[in-house]
Amino acid sequence: MKARVIVTLKTGVLDPQGKAIEGALASLGVDGVASVRQGKVFDVELSTADQAGAEAALKQACEKLLANTVIENYRIETGV
């Protein structure tokens, strides 16, 4: 089973990398960008067809390694 984990900063957490990207886009002449927030995407292939088990394993992976849950949110999408 294929899955995707999307990790983003929580609202209110400063995003210096997003600000740097925003500035770089402006210097490259890309108009109309009001703000940029960056995140991470993990494409994971699991060796199970059990959706509930896959989601539980991915939740555990996020809580332990993939996301810093103090400052980041994560979303799990299965079957991608």
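Heads up: numbering here begins at 1 and tracks the sequence.
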Taking only residues two or more places apart in sequence or in another chain, which ones pass side-chain contact (heavy atoms from CB on, under 4.5 Å) with Val7? Val5, Lys40, Phe42, Ala67, Glu72, Tyr74
Are Val41 and Met1 connected in a single hydrophobic cluster, I mean Ile/Leu/Val/Met/Phe/Trp/Tyr linked by side-chain heavy atoms less than 4.5 Å apart? no
Hydrophobic clustering (ILVMFWY, side-chain heavy atoms < 4.5 Å, transitive) - are Val36 and Leu14 grouped together? no
Assess the residue pair Lys2 and Val44 against the criterion (side chain to side chain contact (heavy atoms under 4.5 Å, CB included)); give the C-alpha distance rounded to whole Å, side-chain angles, the decisive distance to 0.1 Å, and a yes or no. CA-CA 6 Å; Lys2 291 184 179 181; Val44 182; over 6 Å; no
Distance (rounded to the nearest 0.5 Å) between Cys62 SG and Asn68 CG: 12.0 Å
Does Leu28 CG have over 12 foreign heavy atoms under 6.0 Å away? yes
Exam field: side chain Arg37 to backbone Lys19, donor-acceptor pair closer than 3.5 Å: no
With sequence neighbours left out, what residues match Gln17 under side-chain contact (heavy atoms from CB on, under 4.5 Å)? Asp15, Ile21, Gln38
Would you say that more than 12 heavy atoms from the other residues, nucleotides or ligands in this model lie under 6.0 Å from the NZ of Lys10, or not? yes
Rest of the hydrophobic cluster containing Leu9 (Ile/Leu/Val/Met/Phe/Trp/Tyr, side-chain heavy atoms under 4.5 Å)? Val13, Val70, Ile71
Partner set under side-chain contact (heavy atoms from CB on, under 4.5 Å) for Arg75, not counting sequence neighbours: Ile6, Glu77
Can you find a heavy atom in the side chain of Leu66 that is under 4.5 Å from one in the side chain of Leu58? no
Which residues satisfy the side-chain contact (heavy atoms from CB on, under 4.5 Å) test with Asp31, sequence neighbours excluded? none
Can you list every pair that meets side-chain hydrogen bond (donor to acceptor under 3.5 Å, both in side chains) and has a residue in residues 49-58, with sequence neighbours left out? Gln51-Glu55, Gln51-Thr78
